[in-house]
Enquirer: 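This is the structure, below, for whatever I ask next.
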Amino acid sequence: MATSQEDVYREKLWLETPLIRSVHISSLLDCNVYLKLETLQPSQSFKYRGISHFAQHALHTHGPDVHLIIASGGNAGLAAAGAAKVLKLRCTVYLPHGVNQSTIDFLRKEGAKVVIAGNYYLQALQRAQEAVQAEQKAVMVPAYDDPIVWEGHASMIHEIKVQLPEGIKPDAIFCSVGGGGLAGGIMEGCEAVGWDDVPLVTVETHGSNCFYQSLSLNDGPFVGNVNTRQVPEGTRAERCAEHNVTVAHLSSLTSRATSLGASSPSAAIVKKALERKGGVRSVCISDEMAMQAALNFAEDHKTMAELACAATIAPAYKPTLFKRVVPEANKSANIVLIVCGGFKISLDDLNEYKRIVEADCTAGGDWDVAYNGEVFEVPKAE
């Protein structure tokens, strides 16, 4: 008889991606660092796991004439379009103005209908919701806030458990975070395989840090008393009665890591993060530090990583920061970085990042990093 995990993932569309030990980063940090290469999914990001899982569920629930509709700035839409093509389903992706033409071309190659609606994501989302309401067979595909999506993302943890050397459990798992879909999948996967005590390090960029701000609004891992923490300007705190947590809503997103650009996270995932045994260690870095990591990663591993993905990698290229976040790591420690992927990166982008980082480093000083309510400086040239 098949196990429950085999039943859940029996018809999976995603690929089992490699887990490789990084010689470069392991040498830098003097421990074992493994890279889960979600860049190799068909849509070039981890989102293909959860969204293809949701698409299959929609097909089984509504039949072959179901119409998948999604609002996206890029990676979620690409995942939905790719899954729809494999399943022979209709798919419409609503995008705001300003999305890169290469993304639009990729969507159309996958057979999706593309609708440009509004100047911002929320306006595209509103148009998508109106389309779903107007069509009986239409289903809204969630970008990150849905248990079926998290269940799909959780599959990577089941893979990692098998791929690590026998008997090895990670001492920490690093991932980037925006709305919380990836973090939610990792937490669910860890719970399923007996790793709920493994620390999860979530990384986001200043100016796109709704998850960090939401954790700060609740009792949890942050230093100090929650009642004394100030709500930052441009942020609105809202209590979610269903999950009994306070969630931050950002009025604007200023980071260039646009794939992290959720204005608010999933309240359910914030709740999971606050309650899990291994805890969540929440880190915010500058765009420039993420850019530097993208450049280092491309040089070391001959792989491009978009800025949101590079945020995950950044602490691994800064030993001072890494040791602050994972002080228990020793030579025998095993660290997993979820290289989550993403389509929004090009050679031109890397060249621009190089110019920005060089100018910033020439100006001197350090980069500010926020970690669980504390702010400290990390050397730019480390």
Side-chain angles (χ1 to χ4, degrees), residues 13-14 38 41-153 178-182 184-185 258-266 269 306 308 340-344:
L13 299 182
W14 60 82
E38 291 298 289
Q41 291 295 348
S43 69
Q44 300 179 17
S45 85
F46 78 95
K47 285 184 178 289
Y48 194 73
R49 290 181 184 267
I51 288 179
S52 67
H53 195 51
F54 184 92
Q56 287 176 301
H57 184 269
L59 171 60
H60 294 323
T61 303
H62 302 284
D65 56 347
V66 67
H67 181 188
L68 304 180
I69 293 179
I70 186 169
S72 169
N75 290 317
L78 290 169
K85 186 175 184 178
V86 173
L87 298 172
K88 297 180 171 58
L89 302 177
R90 290 179 296 151
C91 180
T92 301
V93 182
Y94 284 78
L95 302 172
H97 286 285
V99 172
N100 193 288
Q101 186 61 44
S102 62
T103 301
I104 296 172
D105 292 342
F106 193 174
L107 288 166
R108 288 175 173 158
K109 287 175 185 176
E110 291 285 32
K113 178 182 178 182
V114 176
V115 178
I116 307 298
N119 294 316
Y120 306 101
Y121 168 76
L122 290 177
Q123 293 172 325
L125 177 61
Q126 183 178 0
R127 285 284 301 279
Q129 290 170 334
E130 291 170 356
V132 170
Q133 292 170 358
E135 183 181 345
Q136 185 176 0
K137 281 292 186 177
V139 171
M140 176 66 77
V141 180
Y144 60 86
D145 194 5
D146 190 278
I148 296 172
V149 172
W150 308 333
E151 185 176 66
H153 295 335
L182 175 56
T258 56
S259 291
L260 302 180
S263 57
S264 63
S266 162
I269 297 307
E306 75 163 63
C340 58
F343 184 71
K344 293 186 279 187

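Values below: every heavy atom of this structure, side chains too, minus hydrogens, waters and symmetry copies.
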Enquirer: CD of Q136: more than 12 outside heavy atoms within 6.0 angstrom?
Expert: no
Enquirer: Is it the case that over 12 heavy atoms from other parts of the model lie below 6.0 angstrom from the NE2 atom of H57?
Expert: no
Enquirer: From D65 CG over to L59 CG, what is the distance, rounded to the nearest 0.5 angstrom?
Expert: 9.5 Å
Enquirer: Inspect the surroundings of NZ in K137 and state if more than 12 heavy atoms from other residues, nucleotides or ligands are less than 6.0 Å away.
Expert: yes
Enquirer: Roughly how far, to the nearest 0.5 Å, is the SG atom of C91 from the CD1 atom of I70?
Expert: 7.0 Å
Enquirer: Check whether any side-chain heavy atom of Y94 lies under 4.5 Å from a side-chain heavy atom of V114, and answer yes or no.
Expert: no
Enquirer: Just verifying a value: how many Å separate L125 CG and E130 CD, rounded to the nearest 0.5 Å?
Expert: 10.0 Å
Enquirer: First locate atom CG of D146, then atom NE2 of H153, and finally report the distance between them rounded to the nearest 0.5 Å.
Expert: 10.0 Å
Enquirer: First locate atom CD of E306, then atom CG of N75, and finally report the distance between them rounded to the nearest 0.5 Å.
Expert: 5.0 Å
Enquirer: Kindly compute the distance separating CG (L182) from OG (S45), expressed to the nearest 0.5 Å.
Expert: 9.5 Å
Enquirer: Heavy atoms, side chains only, cut-off 4.5 Å: are N100 and K344 in contact?
Expert: no
Enquirer: Side-chain contact, heavy-atom cut-off 4.5 Å: T61 with V139?
Expert: no
Enquirer: For a 4.5 angstrom cut-off between non-hydrogen side-chain atoms, does V149 reach Y144?
Expert: no
Enquirer: Run T92 and L68 through side chain to side chain contact (heavy atoms under 4.5 Å, CB included) and show every step you take.
Expert: CA-CA 6 Å; T92 301; L68 304 180; over 6 Å; no
Enquirer: For the pair L13 and Q56, evaluate side chain to side chain contact (heavy atoms under 4.5 Å, CB included) and give the outcome as yes or no after the intermediate values.
Expert: CA-CA 9 Å; L13 299 182; Q56 287 176 301; 3.7 Å; yes
Enquirer: Side chains of V93 and V115, heavy atoms from C-beta outward: is any pair under 4.5 Å?
Expert: no
Enquirer: Listed by chain and number, what are the salt bridge (charged side-chain N to carboxylate O under 4.0 Å, His left out) partners of E151, not counting sequence neighbours?
Expert: none
Enquirer: Looking only at heavy atoms, what is the nearest atom pair of A81 and L107, with distance?
Expert: CB-CD2, 3.9 Å
